[in-house]
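Structure first, commentary second.
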Amino acid sequence: MEADNSKQPERKSLDDRNRMTELERLRHSCAHVMAAAIAKLWPDAQFAAGPAVENGFYYDVELEHRITPEDFAAIEAEMKKEIKANRPFEKVIVTREQAMKDAQSGRLGALGERNISSKFKLGNLADIPEGEAISYYKSGDFIDLCAGPHVMRTGNIGAYKLTSVASAYYKGDEKNPQLQRIYGTAFKNKTELEAYFKMIEEAKRRDHRRIGAEMGLYVIDTEYVGPGLPLWLPKGGEIVEELEKLAKETEFQAGYVRVKTPHIAKEVMYKTSGHLPYYAESMFPPMELREGAGEVSKNRVAGPAGTEEAPIKYYLKAMNCPHHHRIFAAEPRSYRDLPLRLAEYGCCYRYEQSGELFGLMRVRSLNMNDSHIYCTPEQFAQEFNAVNEMYLRYFKIFGIEKYVMRFSTSAPEGMGKKYVGEPELWKQTEDMVRQVLIDSKINYVEVPNEAAFYGPKIDVQVWSVIGREFTLATNQVDFAVPKRFGLTYRDRDNTDKTPLCIHRAPLGTHERFIGFLIEHYAGNFPLWLAPQQVRVLPVTDDQIDYAKGIAKELRSQFVRVDMDVTGDKIRGKIQKAETEKIHTMLIVGGREQESNAVAVRVHGKGDQGVKPRTEVIADILQAIKERRP
RNA sequence: GCCGGCUUAGCUCAGUGGUAGAGCAGCUGAUUUGUAAUCAGCAGGUCGUCGGUUCAAGCCCGACAGCCGGCUCCA
């Protein structure tokens, strides 16, 4: 079982294994039991790896028979026998020679010898470094190459269930054979197993795709618009507007200036930036125009562009940086102009593979909370730090507590290939970034060999309440592309120098950020963000005029408010407003009208009592203004 | 892109080869109501698309598209 899951390409060390929790041991043991059951039903099954994972375990198997959920009952029945038999898990240390011999005779990951070799186990064996002990774990007749650890006996597996089947490549490599990955989960007892499935149900209810549809936030019209191209409905549009307002205010105060750039650019733009041809397949195919031949010479494109034979290509932009670089280049720059912070909510298009698309979280059109900060090396640390502080400020507003800054750096083997070949600059900027992170005491992990081609980056990983992990935001250093575009500023010493560039997007993209927020809040947005903030509910038609007055007053203060003037009973109106997750309900009956008051009810919090009208309105305005959580 | 599953009314879903159903939403009317659903009526579908098997297909088979679960990928 030993190959790791693809997120961690390195093998787990024996130390790591010994740190496995009791639950992980139990789940890993359950994977063995499942493998034994599958081997009993289909003796020619070839097993690869079967680790414990976050919510359970899986085992990868190659098998002619396509396992479907219909087979689960039969497999679980065999597992039940194993667990009932309460067999011990016996560890056996063997020599490499013995292990090779057994793998060749098909004995590993099997109930007995076979006339086929245990081919994936042979491959796994080759990954075990010289000098590390090689061990089997044996339960009944089932013997598997495995470093363990396990629970003592099969009977310790209290409650389990197979959950799904998917496919996976052997060792996570696309070039390797595709295996069937059978997922299951296991717990100490039935109560915990049931609690887990309850949690899954809750997660489904919070799913942004479900809430997004229920609340009318967005649609993806695959028939007319296309997969991965969300349409913001008016209510989703309100959230977009609020986020942009927040970003614009924050950036204005932080000394940013706003720009606006087109969605397309000529091929030369991306040749110069270096994005072509390396990222061409992640971009939408170009449009070809047969005009503009005269402009070509200064763009360094060979041949008669703009003609029938060599049309000029235009690409939908997949990133905003090149456009911003051209804005930098549009005027001569002095060191006195720096730092120059260009900000834009820019709409980019990325041709994500069809299987990657996922609700709002992974889309093909994305609005980035983008900015490029051009600065001198002396200004770098302060600018970078200010960006980090902006992140933290945002996270506080949204109550995002669980996050990790992932600091991606280069690796010597990629120098000049995956990364621009400037080892000195790499080291320098990586040191600068690391120092800022250390100085600001930010929780971060360093991941070598994951940097962008133009510099190190920090990705902000967050977890939605339902456990999905996402890169929400990104903060990157670029010391290469400004040079490629020939960007310079005139320094104090009257020489031209290339600026450093910080790419940053603390609010990520509208799509992913709002997708995340929907799950984060379960659709119950704070007042300032709520697509619909207030609804006035007259108890009878006699209060309609009074209600209208309140709604009008709120609307004049830019509060998103409406009224329910249907013939429903007040209970019905409340039910409807609660279902629609409207933040504040102002209920007005005869009593309120007489005393110029309103009865306040807050979504999910119930009746807040009757208060004077002016007080309630002032409080609503104040809560919005301070973006109260 | 790869493997598997799914696709029936705006939404959630029922319908195991014999001429399509429910609840909610919608529309119309009645009801004037005090903190999570007032009543009645109406309307709504060439069952994802195309092809095949069959006397007969929502149901069986095939192709394609989209979605879902993973894998791979993510400037």
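Every heavy atom of this structure was used, including side-chain atoms; hydrogens, water molecules and symmetry mates were not. A note on names: the letters A, B, ... follow the listed sequences, proteins ahead of strands, and every chain is numbered from 1.
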| said: Is it the case that the base of B:G1 and the side chain of A:E352 share a donor-acceptor contact (distance under 3.5 Å, atom types as modelled)? | reply: no
Between A:A451 and A:Q180, whichever has its closest RNA chain B nucleotide further toward 5' is A:Q180
A:M368 atom CE is separated from B:C74 atom P, nearest whole Å, by 16 Å
Taken to the nearest whole Å, NZ/A:K569 to P/B:U38 is 6 Å
Margin query: Regarding A:K573, tell me which of base, sugar-phosphate or nothing describes its non-hydrogen contacts under 4.0 Å with the strands shown.
Written below: nothing
Contacts of A:L425 meeting side chain to side chain contact (heavy atoms under 4.5 Å, CB included) (sequence neighbours excluded), chain-then-number -> A:E422, A:Q428, A:F479
Inset, instruction - In whole angstrom, give me the gap between the P atoms of B:A20 and B:U12. - result: 23 Å
Residues at least two apart in sequence or cross-chain that pass side chain to side chain contact (heavy atoms under 4.5 Å, CB included) with A:D370, listed by chain then number, are A:N320, A:M368, A:H372
A:M319 CE to B:C74 C1', in whole Å, measures 11 Å
> Looking across every strand, which nucleic acid part, if any, lies under 4.0 Å from A:G572 by heavy atom: base, sugar-phosphate, or nothing?
Replying inline: sugar-phosphate
note: A:I570, atom CD1; B:U33, atom P; distance rounded to Å ~ 12 Å
Practice prompt. Remember a base hit wins even if backbone is also touched, and classify A:E580 as base, sugar-phosphate or nothing at under 4.0 Å, heavy atoms.
Written response: nothing
Please classify the nucleic acid contact of A:G590 as base, sugar-phosphate, or nothing, using heavy-atom distances under 4.0 Å.
base
Going by atom types alone, do A:Y546 and A:E592 pair a side-chain donor with an acceptor below 3.5 Å?
no
message = Give me the distance, rounded to whole Å, that separates B:U33 from B:C39 when you measure between the C1' atoms they each carry.
response = 13 Å
note: A:I587, atom CD1; B:U33, atom P; distance rounded to Å ~ 16 Å
N/O to N/O distances under 3.5 Å, protein versus nucleotides 64-70 of chain B:
unit_1: B:C68; atom_1: OP1; unit_2: A:R209; atom_2: NH1; d: 3.1
unit_1: B:C68; atom_1: O3'; unit_2: A:R209; atom_2: NH1; d: 3.4
unit_1: B:G69; atom_1: OP1; unit_2: A:R209; atom_2: NH1; d: 3.4
unit_1: B:G69; atom_1: OP1; unit_2: A:R209; atom_2: NH2; d: 2.9
unit_1: B:G69; atom_1: OP2; unit_2: A:R209; atom_2: NH1; d: 3.3
unit_1: B:G70; atom_1: O3'; unit_2: A:Y183; atom_2: OH; d: 3.3
unit_1: B:G70; atom_1: N2; unit_2: A:S167; atom_2: OG; d: 2.7

Those residues at least two apart in sequence (or on a different chain) that pass ring-ring contact (aromatic ring centres under 6.0 Å, His included) with A:Y196 are A:F187
Check this for me: does any side-chain nitrogen of one of A:E450 and A:K457 sit under 4.0 Å from a carboxylate oxygen of the other?
no
Using the C1' atom as the reference point in each nucleotide, state the distance between B:G23 and B:C64 in Å, no decimals.
34 Å
Taking only the C1' atom of each, what is the distance from B:C74 to B:U35 in whole angstrom? 48 Å
Across all chains, not counting sequence neighbours, the salt bridge (Lys or Arg N to Asp or Glu O under 4.0 Å) partners of A:E352 are A:R362
The residue among A:H208, A:R206, A:R209 that forms side-chain hydrogen bond (donor to acceptor under 3.5 Å, both in side chains) with A:E519 is A:H208
(request) For the residue pair A:T409 and A:E430, confirm or rule out a side-chain donor-acceptor distance under 3.5 Å. (result) no
Sorted by chain and residue number, the side chain to side chain contact (heavy atoms under 4.5 Å, CB included) partners of A:V616 (sequence neighbours excluded) come out as A:L586, A:V598, A:V600, A:K611, A:I620
Item to complete: Could you give the distance separating B:C59 and B:U19 at their P atoms, to the nearest angstrom?
Response: 14 Å
The side chain to side chain donor-acceptor pair (under 3.5 Å) partners of A:N524 (sequence neighbours excluded) come to A:H603
At less than 3.5 Å, do the side-chain atoms of A:R571 and the base atoms of B:U35 form a donor-acceptor pair?
no
Encoded 5' to 3' (Watson-Crick or G-U under 3.5 Å; [ ] crossing; | other strand), RNA chain B becomes (((((((..((((....[..)))).(((((.......))))).....(((((..]....))))))))))))....
| field | Pairwise P distance, B:C67 and B:G58 [rounded to whole Å] | value | 26 Å
Worksheet item: Which value, in whole Å, describes the distance between the P atoms of nucleotides B:C47 and B:G51?
Response: 13 Å
Test side-chain hydrogen bond (donor to acceptor under 3.5 Å, both in side chains), reference A:H503, set A:T474, A:N475, A:D478, output is A:D478
The answer to which of A:R210 and A:K457 contacts RNA chain B further toward the 5' end, by nearest nucleotide, is A:R210
On a whole-Å scale, what distance lies between the C1' atoms belonging to B:G62 and B:G21?
29 Å
Protein N or O to nucleotides 22-32 of chain B N or O, pairs below 3.5 Å:
unit_1: B:U32; atom_1: O2; unit_2: A:D541; atom_2: N; d: 3.0
unit_1: B:U32; atom_1: N3; unit_2: A:D541; atom_2: OD1; d: 3.3
unit_1: B:U32; atom_1: N3; unit_2: A:D541; atom_2: OD2; d: 2.8
unit_1: B:U32; atom_1: O4; unit_2: A:D541; atom_2: OD2; d: 2.8

Looking at every strand, decide which applies to A:Q476 at a 4.0 Å heavy-atom threshold: base, sugar-phosphate, or nothing.
sugar-phosphate
note: A:Q593, atom CD; B:G34, atom P; distance rounded to Å ~ 16 Å
Sorted by chain and residue number, the side chain to side chain contact (heavy atoms under 4.5 Å, CB included) partners of A:A577 (sequence neighbours excluded) come out as A:R535, A:I582, A:M585
In whole angstroms, the gap separating C1' of B:U33 from CD1 of A:I574 amounts to 11 Å
For residues 224-231 of chain A, run the donor-acceptor check on the side chains, cut-off 3.5 Å, and write out each pair with its distance to 0.1 Å, sequence neighbours left out.
none

Residues 210-219 of chain A, side-chain donor-acceptor partners within the protein, below 3.5 Å, at least two apart:
unit_1: A:R210; atom_1: NE; unit_2: A:E214; atom_2: OE2; d: 3.4

Item to complete: Give A:A577 one of three labels, base, sugar-phosphate or nothing, depending on what nucleic acid heavy atoms sit under 4.0 Å from its own.
Response: nothing
Atom CZ of A:R535 and atom P of B:U35 are separated, to the nearest Å, by 18 Å
Of B:G34, B:C73, B:A36, the nucleotide closest to the side chain of A:R362 is B:C73
